[in-house]
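Here's the structure we're looking at; comments come further down.
Residue numbers count from 1 along this sequence. What you see is a predicted model; the values in this text were computed from it and never measured.
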Amino acid sequence: MNGRSVAIIGAGPIGIEAALEARRRGFDVTVYEAGRVGEHLLGFGHVRLFTPFRMNSTDAGRQALRDAGAAIPGDDDLLTAGALVERYLSPLTRLPELRDSIRERTRVTHLGREGLAKPRGIAASEDRSREDASFLIRVETPDGAVRFERADIVLDASGVYANPNATGPGGLPAVGEERLGDRIDRSIPAMRGEAKDGYQGKAVFLIGDGHSAAAFLAEIGALVREERWARGIEVHWAHRERGGGEIFAEIESDPLPARRDLAASANTVARSAKWITRHPGAIVDSYAGTREGRVRVQLRYPSGEERRIEVDRVLALVGYRPDTSIFRELQVHLCYATEGPMGLASALQAADLKAPGRSGDCLSQVPHGPESLRTPEPGFFILGAKSYGRNPAFLLTIGHRQVVDALSLLATEAPVGGAAAPAER
């Protein structure tokens, strides 16, 4: 052990890899997870990922499981999100290196510095008080208790999927959105599983035109072709206006064939399905419940026209955003557009300016080096999907590289109140 402690927030695909790497570098590791290991992935566990297993795992993780005698998926296997948790992430947490480090159902609610309020020790000054102070971590435990714990370093890998975007104008919640309760879903429903009763023969209002919306439409299309229960479904679909062409981009010679096939299937459904009513460019102004338990949706179109429809369920697949509230008392500079850390956001923007239009493709992403991960708060790093903020182009392989970069950077820096650690060879 090198005498330094690392607190990792989130036991997802990046948090677990960070824990494994940190332990191998001699850090004392604690992983805080508000739910279960892989909680966000389990939220859409039935969905098949279009990236192969080799892109959703690391050499170190695969080797650790092989050394432990565990069977692992093939490099080119396309797993569901749930299978990635069951066959990779959960087995990693049972390794000797990690099994005592994971605290499930333990939520981090706030972060601070021991004895220091946010305005103290501005990073640009010569005051090193923040650098010398331990992180203060406020946690809620499974039994409902609240306590403070401490660490020398904090890696926030808590992701974004717990914080869906709103569906109203300008990114704001539509009037009445908060009162929809369980009549609104914000992730891809398991149409062949527990979601069947909520969607069978129902009128659905779908919002969104990303891969999640494509997956939903492709699945309904398949169920209709199989003459399953979906034949009675009716979908009102609000999506952005497109200047001709298909809604879902079909990338020529896509190196991810499953992504290409998903887009093609969804486009076929969008073109021909008689159970879809499209509302291009429509904005949701309000939702209201009816006495019959339905939802009345008030739509406004670019032309100024307004229309009211009634549905049984709302499916909002409009993306996610980071929860920045937990580190509000730390000195973190966030991008005003994406809410990701400014250093990385600036690097992503610069890359986009060099190759306009490519930033929307996750496969075009490249690591931007350890320095892009620094925040003004010494020893605090935001990794994984949360580091991209509202930018949806994040890829797990980028997060895996971030883990190595951040911990390599820490290996050359001084521990709290101590001398510098030896540099890596």
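- Among residues two or more places apart in sequence or in another chain, the ring-ring contact (aromatic ring centres under 6.0 Å, His included) test is passed with Phe53 by Tyr88.
- Residues Leu111 and Glu329 come closest through the heavy atom pair O-CB, 3.5 Å.
- Checking side-chain atoms of Lys202 against main-chain N and O of Val311 turns up no donor-acceptor pair under 3.5 Å.
- Annotation: Phe50 is in aromatic contact with His211 [ring centroid separation under 6.0 Å].
- Within the 3.5 Å criterion, the main-chain N or O of Tyr199 finds no donor-acceptor partner in the side chain of Asp312.
- Residue pairs meeting the ring pair (Phe, Tyr, Trp, His ring centres under 6.0 Å) criterion with at least one partner in residues 293-316, sequence neighbours excluded, are absent.
- Across Leu217 and Leu206, no two heavy atoms sit closer than the pair CD2-CD2, 3.8 Å.
- Residues Glu149 and Thr30 have side chains that never bring a donor and an acceptor to within less than 3.5 angstrom of each other.
- Side-chain atoms of Thr375 and Glu377 include no donor-acceptor pair closer than 3.5 Å.
- Of all non-hydrogen atoms in Ala270 and Ile276, the two that sit nearest each other are CA-CD1, 4.3 Å.
- The 12-atom threshold is not exceeded at CD of Glu86, counting heavy atoms of other residues, nucleotides or ligands nearer than 6.0 Å.
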* Asked: After noting the C-alpha distance and the side-chain angles of Phe27 and Leu407, does the key distance pass the side-chain contact (heavy atoms from CB on, under 4.5 Å) rule?
  -> CA-CA 10 Å; Phe27 292 95; Leu407 290 169; 4.1 Å; yes

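- The shortest non-hydrogen separation linking Asn163 to Pro322 is ND2-C, 4.4 Å.
- Other residues, nucleotides and ligands place more than 12 heavy atoms under 6.0 Å from the CZ atom of Arg294.
- Defined by atom type and a distance below 3.5 Å, a donor-acceptor pair is missing between the side-chain atoms of Glu39 and Tyr161.
- Inspection of the Gln402 and Ser387 side chains reveals an N or O donor paired with an N or O acceptor under 3.5 Å.
- Between Val146 and Val139 the shortest side-chain heavy-atom distance does not fall below 4.5 Å.
- Remark: the backbone N or O of Leu79 is not paired with any side-chain donor or acceptor of Asp77 at under 3.5 angstrom.
- No donor-acceptor contact under 3.5 angstrom links the side chains of Thr80 and Arg48, judged on distance only.
- When all heavy atoms of Leu383 and Ala406 are compared, the closest pair comes out as CD2-CB, 4.2 Å.
- With respect to Arg321 and Glu339, a salt bridge is recorded, a charged nitrogen being found less than 4.0 Å from a carboxylate O.
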* To do: Test Leu409 against Leu373 for side-chain contact (heavy atoms from CB on, under 4.5 Å), laying out the working first.
  => CA-CA 10 Å; Leu409 197 62; Leu373 302 176; 5.9 Å; no

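- Using modelled atom types, one finds no donor on one side chain facing an acceptor on the other under 3.5 Å when comparing Thr290 with Arg296.
- Here the rule is side chain to side chain contact (heavy atoms under 4.5 Å, CB included) with Val108, and of Ile9, Ile8, Val154 only Ile9 fits it.
- Taking the charged nitrogens against the carboxylate oxygens, Arg24 and Glu21 have no contact shorter than 4.0 Å, which rules out a salt bridge.
- Seen from the ring of Phe135, Arg150 does not count as a face-on cation partner, given the 6.0 Å and 45° thresholds.
- Side-chain contact of Glu140 with Thr109: a donor-acceptor pair under 3.5 Å is absent, judged by distance alone.
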* Asked: Does the pair Leu95 and Thr93 meet the rule for a side-chain contact (heavy atoms from CB on, under 4.5 Å), with working shown?
  -> CA-CA 6 Å; Leu95 294 173; Thr93 67; over 6 Å; no

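- With respect to Asp28 and Arg4, no salt bridge is recorded, no charged nitrogen being found less than 4.0 Å from a carboxylate O.
- Remark: Arg271 engages Glu246 in a salt bridge, criterion side-chain N to carboxylate O under 4.0 Å.
- A side-chain donor from one of Tyr287 and Thr167 sits under 3.5 Å from a side-chain acceptor of the other.
- Of the possible donor and acceptor atoms, none in the side chain of Asp285 sits under 3.5 Å from a partner among the backbone N and O of Gln298.
- At a threshold of 4.0 Å, the pair Arg186-Glu177 counts as salt-bridged, since one of the basic side-chain nitrogens sits closer than that to a carboxylate oxygen.
- Put simply, the side chain of Ser187 never gets that close to the backbone of Phe44: no donor and acceptor are under 3.5 Å apart.
- Counting only N and O atoms by type, the side chains of Arg192 and His46 include no donor and acceptor under 3.5 Å apart.
- Between the side chains of Asp59 and Gln63, no donor-acceptor pair is found at a separation under 3.5 Å.
- Side-chain contact annotation: Asn391 with Thr338, donor-acceptor N/O pair under 3.5 Å absent.
- Considering every non-hydrogen atom in both Thr106 and Pro142, the closest pair reads OG1-CD, 3.7 Å.
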